[in-house]
Amino acid sequence: MFQLPFPVRDANAASGSDQFGDLPEWDLTDLYASEDAPELKRDLEWLENECAAFAKDYEGKLADQDAAGLLNCVLRNEKINGIAGRIMSYAGLRYYQLTTDADRAKFMSDMQESITVFTTPLVFFTLEINRIDDAVLAAHFDANTDLARYKPVFDRIRAMKPYQLSDELEKFLHDLGVVGDAWERLFDETIAGLTFTIDGEELNIEGTLNFLTEQDRSKREAASRELARVFQDNIKIFARVHNTQAKEKEIIDRWREMPSAQMGRHLSNDVEPEVVEALRSAVVAAYPKLSHRYYDLKRKWLGLDRMQVWDRNAPLPMEDTRTVSWAEAEQTVMEAYTAFDPRMGELTKPFFSKGWIDAGVKPGKAPGAFAHPTVTDVHPYVMLNYLGKPRDVMTLAHELGHGVHQVLAADQGEMLSSTPLTLAETASVFGEMLTFRKMLDKAETKEQRKILLAGKVEDMINTVVRQIAFYDFECKLHAARAEGELTPDDINALWMSVQAESLGECFDFMEGYETFWAYIPHFVHSPFYVYAYAFGDGLVNALYSVYAEGDEGFEDKYFDMLKAGGSKHHKELLAPFGLDASDPKFWDKGLSMISGFIDELEAMED
């Protein structure tokens with residue numbers, strides 16, 4: 001089934017209003033001019049006819065194809081993916097610009113349903129690939145180098161072989177996918193429609209979350225309590241969505257005989273369960289020397305005996321409270337990217353000049369930030385909710401890293417360009433690191449350096465510690481749901497069980513904080529997505545260490561890695577840098593960079 005892009009609240013994304021200069025908006029005409037464009041009608045008709053023709057030509061016949069015939073089949077399937085992807089990219093991006101608009105919601109739903117119906121006859125494709133004998137497939141690859149290029153796609157498809165159901169059941173699940181999408185839309189529309197009142201002003205969720213990074217502690221507290229009040233008022237809807245989605249997943253996993261709730265995500269990420277467990281164990285073991293130690297430092301800087309949840313993302317007392325204009329944000333990121341390699345700067349320019357970014361905060365716009373690759377013959381689109389804070393600059397750097405990665409990988413084609421989530425964060429986090437280092441080099445005083453270091457440590461804690469805590473929460477949620485229906489209080493208790501462990505003993509938790517699981521979109525849209533952030537951060541920290549040590553030809557190797565898209569396994573991609581994510585010590589290397597920043601902050605106290 002073809003999935004639309006969902007609004008990912010990236011680990012460091014900020015939120016809320018648009019007085020920061022001339023903020024760009026998307027120009028979606030590179031996809032389609034409008035919802036009634038003749039090109040869209042043409043593509044829908046082509047898709048319907050080609051899916052039927054594809055099934056007629058190949059269903060029941062894949063095992064009998066020679067190498068050339070199988071290649072032709074793959075190329076036709078790839079074109080179908082491209083056209084369907086273009087349609088859903090347009091419908092999804094247009095919807096996320098204004099999720100409260102009924103016409104946009106209907107259009108997206110209609111497109112999703114049409115494409116689901118059209119593509120249902122194609123379900124046989126992956127099922128029959130998994131029935132081809134290993135030796136026969138290997139001979140085909142040996143006989144045809146163009147087909148062999150697609151071996152990584154075949155490998156990923158065949159990884160699902162042990163969990164494959166009958167053809168009839170697979171078609172049934174494919175058709176049923178639109179029901180799951182409806183629950184996701186209920187979540188999105190509920191979140192986008194929430195209103196919060198602070199100091200007499202009515203705000204959406206982005207504007208309210210933005211208050212959590214205000215200097216004024218009373219505003220942070222007011223926002224936290226208002227978030228808790230509104231989440232509690234809507235908690236039954238959020239609990240119903242989570243119960244339904246988790247139960248649906250449990251049923252499908254049980255029928256597929258998946259060994260764990262997480263296995264499907266590991267397979268789609270092309271990563272071994274033991275590698276993820278090594279990452280999780282390394283991060284949890286590091287809580288005391290990372291988040292616990294940092295937040296105790298921050299408690300002293302804020303002059304507090306105890307930290308409250310509304311102090312977690314508080315700016316430091318000496319922090320510059322000015323807003324950063326869009327022009328300055330653009331210049332900062334462009335300088336950092338170009339300084340690393342002029343090619344990086346050139347790849348970034350069109351995002352700013354050609355309507356590839358939608359930056360402003362508007363009523364009804366989806367929260368968070370994401371970079372959506374659309375299809376390989378168009379270009380990515382970046383969504384932000386820009387509020388002029390230094391962290392918004394880092395979010396811009398992060399999303400443009402995704403964009404550059406997606407542009408470079410596009411030459412691989414539809415089936416090989418997309419990276420697993422674990423590798424998809426590589427360029428984004430690396431882009432953040434480049435931008436941070438550029439800003440750190442420009443620091444003129446010890447105080448400025450301290451503020452920058454503290455901000456980076458907080459972002460890394462949000463990306464690593466917080467996301468692994470999210471992962472543990474999800475693991476507990478899905479295990480508990482397998483035993484029966486969960487009340488809101490049940491889910492609240494699971495959420496709180498990971499919070500104190502990850503944040504440390506210096507925190508108190510206000511009444512109502514137990515509901516803050518409710519607004520995290522990843523739990524609904526993409527279960528177990530969150531560990532990819534920690535994976536990406538750890539990977540990039542190790543990668544940046546190699547770069548900082550002056551590894552010869554690093555830039556070329558880095559570009560080659562991004563150009564590979566999803567055509568190589570993480571082991572193969574990291575080998576040129578002398579790195580191996582399956583080595584447990586690999587994660588310690590990444591975590592030690594965060595710990596080293598905290599060491600420097602502690603040394604500044606002396």
Side-chain angles (χ1 to χ4, degrees), residues 8-13 262 265-266 268-272 275-283 286 290 340 368-373 380 382 391 394-406 408-409 417-437 456-471 474 520 522 526 528-547 558 561-562 564-566 568-574 577 579-583 586-594 597:
V8 176
R9 175 171 298 284
D10 257 330
N12 305 329
Q262 301 82 6
R265 175 62 57 208
H266 300 336
S268 67
N269 281 344
D270 197 20
V271 65
E272 301 75 17
V275 171
V276 178
E277 186 52 37
L279 162 65
R280 185 231 164 240
S281 298
V283 173
L290 299 181
F340 169 70
F370 64 75
H372 176 56
V382 164
R391 281 182 178 167
M394 300 305 288
T395 300
L396 173 61
H398 181 103
E399 300 307 336
L400 286 172
H402 279 306
V404 166
H405 195 173
Q406 291 158 359
L408 286 170
S417 61
S418 180
T419 53
L421 293 175
T422 42
L423 298 171
E425 293 301 321
T426 304
S428 55
V429 179
F430 196 84
E432 274 190 76
M433 183 64 80
L434 291 173
T435 305
F436 164 70
R437 293 287 186 174
K456 186 59 179 171
V457 168
E458 289 203 14
D459 286 345
M460 292 170 121
I461 287 173
N462 282 337
T463 307
V464 177
V465 171
R466 186 163 167 79
Q467 302 303 316
I468 289 298
F470 282 179
Y471 177 65
E474 282 193 277
I520 310 296
H522 304 70
S526 198
F528 307 108
Y529 181 111
V530 290
Y531 75 72
Y533 288 123
F535 193 110
D537 197 88
L539 187 155
V540 167
N541 290 345
L543 200 60
Y544 196 89
S545 296
V546 175
Y547 171 58
Y558 180 74
M561 178 173 69
L562 300 190
K568 294 180 180 178
H569 186 263
H570 64 79
K571 217 173 179 72
E572 193 179 354
L573 284 173
L574 292 174
F577 303 97
L579 298 171
D580 181 1
S582 63
D583 180 354
F586 172 85
W587 301 112
D588 293 332
K589 185 181 181 78
L591 294 171
S592 67
M593 179 179 285
I594 309 175
F597 287 158

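Values reported hereafter were calculated over all heavy atoms of this structure, with side chains retained and with hydrogens, waters and symmetry mates removed.
With hydrogens and angles disregarded, a donor-acceptor distance shorter than 3.5 Å links the side chain of S268 to the backbone of R265. Formation of a donor-acceptor pair under 3.5 Å by the E432 side chain with backbone atoms of T395 is not found in this model. Using a distance-only test at 3.5 Å, with no hydrogens or angles considered, no donor-acceptor pair links the side chain of E425 to the main chain of A532.
Remark: R280 engages D472 in a side chain to side chain donor-acceptor pair (under 3.5 Å) (not counting sequence neighbours). Checked against side-chain contact (heavy atoms from CB on, under 4.5 Å), N541 has the following partners two or more places apart in sequence or in another chain: M433, M460, D537, M593, I594. Under the side chain to side chain donor-acceptor pair (under 3.5 Å) criterion, H405 pairs with no residue at all, not counting sequence neighbours. Residues passing the side chain to side chain donor-acceptor pair (under 3.5 Å) test with S582, sequence neighbours excluded: K571, D580. Partners of A282 under the side-chain contact (heavy atoms from CB on, under 4.5 Å) rule, at least two apart in sequence or in another chain, are W587, D588, L591. A search for side chain to side chain donor-acceptor pair (under 3.5 Å) contacts involving E272 returns H569, H570, not counting sequence neighbours. A search for side-chain contact (heavy atoms from CB on, under 4.5 Å) contacts involving T426 returns L423, L539, V540, L543, M561, not counting sequence neighbours. Contacts of Y547 classified as ring-ring contact (aromatic ring centres under 6.0 Å, His included), with partners at least two apart in sequence or in another chain: F340, Y544, F554. Applying the side-chain contact (heavy atoms from CB on, under 4.5 Å) test to P373 and every residue at least two apart in sequence or in another chain returns Q406.
For Y558 and F430, the ring centers sit closer than 6.0 Å to each other.
Between H522 and the options F370, Y533, F470, a ring-ring contact (aromatic ring centres under 6.0 Å, His included) holds for only Y533.
For the pair F528 and N269, the minimum side-chain heavy-atom distance is 4.5 Å or more.
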